[in-house]
Amino acid sequence: MRRLPWKRLLSLALLWAAALTLLRECGNNPWEDGAAAQNALFTTITAEIRNLDPASSNYTHEFAILDNIVEAPLAYHYLKRPYALIPMLLEELPVPVFYDRVGRVLEGDPPAEQVARTEYTLRLRRGIRYQPHPCFSPSSRPRVPEPRTPWDWEWNPADSREVTARDFQVSLARLCDPRSGCTVFAQLSSFLPGLQETRQEVARQREELDRLRQAAGESPEEREANPSLPDYREIPCQAIQVLDDHTLKYVLSRKYPQFLYWLTMHYFAPVPWEALEFYQQPMARKAGLAFANWPVGCGPFLLKECDLDLRIVLERNPNYHETLYPSEGTEEDRLAGRLEDAGKRLPFLDQVIFHWEPESLPAWTKFTQGYYDFSGLPADMFDQALSLPPGGGEMALSPEMARRGITMTTSVPPISYYYAFNFRDPVVGGLGERQRLLRQAISIALDSQEFIDIFRNGNGVVAEGIIPPGIFGAANPPESMNTVVNQWDGHRSRRRELADARRLLEKAGYPGGVDRETGEPLVLYLDHAAAGQPDFKSRFQWLKDHLGRLGIRLEERGFDLNRSRRRVAEGNWQFLYGRAWVADYPDPENFLMLFASQNGHVEHHGPNYSNYSNPAFDQCFRKLETMENTPERLALLRQASRLLAEDAPVAWDFHPRNLALVHPWLKNFIPQSISYDNLKYLRVEPERRLQCQREWNRPLRWPLLALLGLLSLLCLRPFHRRLA
């Protein structure tokens with residue numbers, strides 16, 4: 001009797017068991033088990049988060065997180081276009097009251113020159129409460145020896161309080177604190193009186209606190225690691241008056257209708273003093289916790305996890321006040337299903353999970369697999385996602401994308417890209433004829449349409465000026481256009497010929513790119529912090545080639561981000577690459593203020609990065625900034641745009657056309673461009689998402705099973721022969 005090869009059979013059995021277990025567990029799901037079935041939105045962080053402080057956060061990818069944690073007094077209606085304001089924390093939209101120089105009320109809509117003071121009274125809705133947070137616990141202590149998040153302190157869901165008018169005073173005083181890094185302080189100071197005095201008082205109190213700590217024996221290093229915190233509640237400010245717990249008044253030094261738009265921004269969100277005190281604790285400081293990375297607000301979501309190198313998790317705020325999905329919308333909204341949730345309470349989501357994805361390809365791959373709920377369209381994925389219909393026409397989704405139920409939305413958001421010249425630079429700056437003609441010549445040479453076609457797959461609109469399409473006062477060729485750079489060919493506005501640029505350059509004293517006075521070739525320097533960007537080299541080469549057609553040699557000066565920002569702040573640069581301005585609010589003043597001398601970046605730390613200064617433009621800007629959208633204002637906007645075209649403080653580039661792809665289980669999605677408090681309106685269908693993920697990511701099992709079968713036959717074949 002032949003003996004059975006038990007060891008071989010046992011090994012085969014174990015191999016099959018392991019293989020079947022592996023096949024059962026294998027997959028490409030990047031999230032933990034059960035994540036897709038949660039009532040959660042999955043999206044990405046694609047740029048470094050600098051901070052989440054409402055006093056200083058200044059980047060749109062930060063707004064997408066912060067503006068859903070804190071909430072401002074007003075907001076934009078989610079569906080209405082043109083944009084319409086609605087109250088969020090207020091009972092109603094505030095109405096301005098105008099006063100003349102002797103304190104008399106001015107009726108109606110008086111001219112700006114008659115207005116010496118404007119008052120807006122804000123009446124808070126009662127019962128609005130902050131998110132639960134350990135800072136509101138009267139005796140909160142760390143629960144672990146080395147806390148890492150605020151949730152490592154003792155707390156319970158009842159730890160909260162009502163929002164009061166005093167919280168808005170705290171918020172405004174923080175904007176005046178030099179250490180807050182508020183980038184809009186110069187603009188706020190132009191219409192809110194007394195901010196400079198408040199800033200001085202904040203600095204004085206900090207110095208006094210530092211002196212007391214020094215006298216108590218604290219070292220400079222200790223004071224630097226734990227900066228003194230003035231009591232913002234007690235610091236007076238002429239611009240705000242607290243009338244009672246639910247009523248406050250903002251006082252403006254002039255007529256300024258755009259103030260209502262400012263009340264939609266996180267700069268004016270209430271800030272609880274308890275949170276600032278909480279993060280002042282030594283244990284919180286030691287753990288690296290601060291209001292700038294763990295903000296507390298009364299918005300629809302609270303910050304549950306914050307690992308800037310991995311992920312950020314927002315969780316539904318259980319204290320969020322009653323807010324309903326809008327019932328008014330367009331026929332397009334109805335057809336797109338964006339009115340199906342009309343009248344339902346917000347928010348819909350339990351969680352929003354932001355994953356760090358610095359590279360576009362991995363993020364795109366996860367989107368196509370169903371693991372991210374929506375996505376932009378990387379330039380190198382256009383051919384995969386889009387197709388041109390037979391016979392021509394508009395680009396559409398590829399058949400594969402359409403088969404999956406993915407939809408595409410396109411929009412031209414109010415964003416303007418441009419190249420900036422430093423007006424403090426002797427070669428390219430100033431109002432001199434030579435410098436002005438040089439800037440005009442360069443502006444013509446930088447063919448924006450070619451740039452859009454090469455680097456953005458045609459997705460963009462050539463900029464005629466700083467005001468983007470859809471905003472009152474935008475260029476409307478041929479009636480109004482940038483005639484310095486473009487000309488009307490009978491059908492459309494197009495770039496002037498390169499010969500025109502060469503004539504301007506020769507008139508400027510640089511024939512063929514050679515300085516007539518010195519005989520030296522003209523060399524310009526592109527300052528940037530973009531060396532690590534994958535497409536920078538090709539874009540720089542494009543710029544270099546186009547200026548080279550004029551005989552101008554372009555060289556780059558690359559720096560790390562912090563040093564680059566410092567050089568810009570000091571005015572130590574010549575030509576800046578790829579600047580952009582994203583609308584804070586839908587008004588032309590928000591764009592034209594980029595060139596008001598009062599907003600100069602070096603002198604006033606404002607958004608006028610080119611440091612452009614022209615008294616004629618300033619005079620025009622001061623007239624139009626306080627006006628309603630009337631024919632008279634339009635005439636002034638045209639005049640301001642002509643001055644900018646002639647002076648060319650920047651070379652206009654383009655307004656982007658954005659594409660967003662959305663999976664069928666995500667509802668109510670609208671691309672955001674001004675307001676970023678949209679997460680509360682979004683809804684997901686987790687069951688449908690889970691089903692699609694399983695269908696789209698079925699593992700290919702048969703090759704492994706076939707290999708195991710073959711190995712089994714080879715192992716058992718000698719035994720079979722012995723039996724035979």
Side-chain angles (χ1 to χ4, degrees), residues 53-56 66 69-74 87-92 94 119-138 140 158-177 179-180 182 185 188 192-195 197-206 209 228-252 259-260 262-281 290-292 294-299 302 317 319-321:
D53 192 330
S56 54
L66 174 63
I69 300 171
V70 303
E71 192 163 76
L74 304 181
M88 290 304 293
L89 303 181
L90 308 184
E91 293 179 350
E92 58 190 1
E119 294 182 353
Y120 289 86
T121 300
L122 278 60
R123 293 179 173 81
L124 300 178
R125 292 171 57 181
R126 295 178 182 270
I128 293 180
R129 299 180 63 80
Y130 285 108
Q131 302 143 1
H133 192 276
C135 72
F136 298 113
S137 175
S140 181
D159 291 335
S160 177
R161 71 163 171 84
E162 189 176 12
V163 175
T164 68
R166 186 68 63 184
D167 300 329
F168 292 86
Q169 179 178 338
V170 171
S171 175
L172 186 58
R174 289 191 75 238
L175 299 181
C176 299
D177 192 330
R179 296 191 187 184
S180 72
C182 178
F185 181 80
L188 296 177
L192 292 176
L195 294 196
E197 290 79 3
T198 301
R199 169 167 280 201
Q200 294 169 7
E201 178 61 18
V202 170
R204 188 196 67 77
Q205 289 199 21
R206 277 194 183 276
L209 291 170
S228 298
L229 178 66
D231 192 342
Y232 298 120
R233 298 170 297 178
E234 304 301 326
I235 296 177
C237 183
Q238 183 183 346
I240 190 170
Q241 299 174 14
V242 176
L243 305 181
D244 59 46
D245 282 351
H246 297 91
T247 313
L248 65 142
K249 181 184 293 183
Y250 284 104
V251 180
L252 280 60
F259 180 64
L260 290 181
W262 281 90
L263 291 179
T264 69
M265 291 188 250
H266 51 247
Y267 306 111
F268 286 86
V271 172
W273 171 253
E274 295 91 335
L276 304 180
E277 283 191 311
F278 177 84
Y279 293 119
Q280 196 71 8
Q281 299 177 77
F291 195 78
W294 286 92
V296 181
C298 58
L302 58 84
N317 172 16
N319 296 340
Y320 190 56
H321 57 88

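Along the sequence shown, the residues carry numbers beginning at 1. In this text the structure is predicted, and so the values were computed from the model without any measurement.
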Engineer: Do the non-hydrogen side-chain atoms of Arg179 and Arg206 ever get within less than 4.5 Å of each other?
Structural biologist: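 A side-chain contact under 4.5 Å exists here.
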
Engineer: Does Asn317 use its side chain to pair, donor to acceptor, with the backbone of Gly299 at less than 3.5 Å?
Structural biologist: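 Looks like yes, one N/O pair under 3.5 Å.
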
Engineer: If you apply the rule side-chain contact (heavy atoms from CB on, under 4.5 Å), what do you find for Leu90 with Leu124, and how did you get there?
Structural biologist: CA-CA 4 Å; Leu90 308 184; Leu124 300 178; 3.7 Å; yes

Engineer: Can you tell if the side chain of Leu195 reaches within under 4.5 Å of the side chain of Cys237, non-hydrogen atoms only?
Structural biologist: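 Yes, side chains in contact.
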
Engineer: Quick check against the 3.5 Å criterion: does Gln169 have a side-chain atom that pairs as donor or acceptor with the backbone of Leu248?
Structural biologist: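 No; zero donor-acceptor contacts below 3.5 Å.
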
Engineer: What's the separation between atom CG in Leu74 and atom CG in Leu122, rounded to the nearest 0.5 Å?
Structural biologist: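 If I round to the nearest 0.5 Å, the distance is 7.0 Å.
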
Engineer: State whether the side chain of Asp245 and the backbone N or O of Thr164 hold a donor-acceptor pair below 3.5 Å, judged by distance alone.
Structural biologist: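 Not at all, since once roles are kept as given, no pair shorter than 3.5 Å links the two residues.
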
Engineer: Please report the closest heavy-atom contact between Ile69 and Pro295, naming both atoms and the distance.
Structural biologist: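 Looking at all heavy atoms of both residues, the closest pair is CG2-O, 3.9 Å.
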
Engineer: Can you say whether the rings of Phe278 and His133 are parallel (under 30°), tilted (30 to 60°) or perpendicular (over 60°)?
Structural biologist: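 Phe278 vs His133 ring planes: perpendicular.
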
Engineer: So if I apply the ring-ring contact (aromatic ring centres under 6.0 Å, His included) rule between Tyr120 and each of Phe259, Phe168, Tyr250, Phe268, which one comes out positive?
Structural biologist: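 Per the ring-ring contact (aromatic ring centres under 6.0 Å, His included) rule, the option paired with Tyr120 is Phe259, out of Phe259, Phe168, Tyr250, Phe268.
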
Engineer: Between His246 and Glu162, does any side-chain donor sit less than 3.5 Å from a side-chain acceptor?
Structural biologist: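 Distance-only check passes for His246 and Glu162.
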
Engineer: Nearest 0.5 Å, what's the CZ-CD1 distance between Arg174 and Ile235?
Structural biologist: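 Going from the CZ atom of Arg174 to the CD1 atom of Ile235 covers 11.5 Å.
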
Engineer: Given 3.5 Å as the limit, does a donor-acceptor pair link the side chain of Ser56 with the main chain of Ser180, or not?
Structural biologist: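 Looks like yes, one N/O pair under 3.5 Å.
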
Engineer: For residues Ala269 and Ser171, report the shortest heavy-atom separation together with the two atoms involved.
Structural biologist: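 Ala269 and Ser171 have their closest heavy atoms at O-OG, 2.9 Å.
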
Engineer: Do the side chains of Pro54 and Phe291 get nearer than 4.5 Å, heavy atoms only?
Structural biologist: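 Counting from C-beta outward, Phe291 and Pro54 do come under 4.5 Å.
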
Engineer: Starting from the C-alpha separation in whole Å, work towards a yes-or-no answer on side-chain contact (heavy atoms from CB on, under 4.5 Å) for His321 and Leu89.
Structural biologist: CA-CA 9 Å; His321 57 88; Leu89 303 181; 4.0 Å; yes

Engineer: Got a sec, which pairs hit side-chain hydrogen bond (donor to acceptor under 3.5 Å, both in side chains) with one end in residues 265-276, sequence neighbours left out?
Structural biologist: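 Listed by first then second residue: Asn58-Tyr267, Asp67-His266, Arg161-Glu274, Trp273-Glu277.
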
Engineer: What is the minimum heavy-atom distance between Cys298 and Pro270, and which atoms define it?
Structural biologist: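 Closest heavy-atom pair between Cys298 and Pro270: SG-CG, 4.2 Å.
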
Engineer: Please walk me through it: do Asn319 and Gln131 pass side-chain contact (heavy atoms from CB on, under 4.5 Å)?
Structural biologist: CA-CA 6 Å; Asn319 296 340; Gln131 302 143 1; 5.6 Å; no

Engineer: Might you point out which heavy atoms bring Glu197 and Gly194 nearest each other, and give the distance in Å?
Structural biologist: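 Looks like OE1-CA, 3.1 Å.
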
Engineer: Measure the CZ-CG distance between Arg199 and Leu175 for me, rounded to the nearest 0.5 Å.
Structural biologist: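 With rounding to 0.5 Å, CZ (Arg199) is 9.5 Å from CG (Leu175).
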
Engineer: Could you state the interatomic distance from OH (Tyr320) to CG (Leu302), rounded to the nearest 0.5 Å?
Structural biologist: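 If we round to the nearest 0.5 Å, Tyr320:OH and Leu302:CG are 13.0 Å apart.
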
Engineer: Is a side-chain donor or acceptor of Ser160 paired with a backbone partner of Tyr130 at a separation under 3.5 angstrom?
Structural biologist: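 Confirmed, Ser160 side chain pairs with Tyr130 backbone.
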
Engineer: Which residues satisfy the side chain to side chain contact (heavy atoms under 4.5 Å, CB included) test with Thr247, sequence neighbours excluded?
Structural biologist: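 With neighbours one apart ignored, the set is Thr121, Arg123, Leu243, Asp244.
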
Engineer: To the nearest 0.5 Å, how far apart are OH in Tyr232 and OG1 in Thr198?
Structural biologist: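 That separation rounds to 12.0 Å.
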
Engineer: Taking all atoms of both residues into account, what is the closest heavy-atom pair of Val70 and Val296, and its distance?
Structural biologist: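 So the two residues come closest at CG1-O, 4.2 Å.
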
Engineer: Run Leu192 and Leu172 through side-chain contact (heavy atoms from CB on, under 4.5 Å) and show every step you take.
Structural biologist: CA-CA 10 Å; Leu192 292 176; Leu172 186 58; 4.2 Å; yes

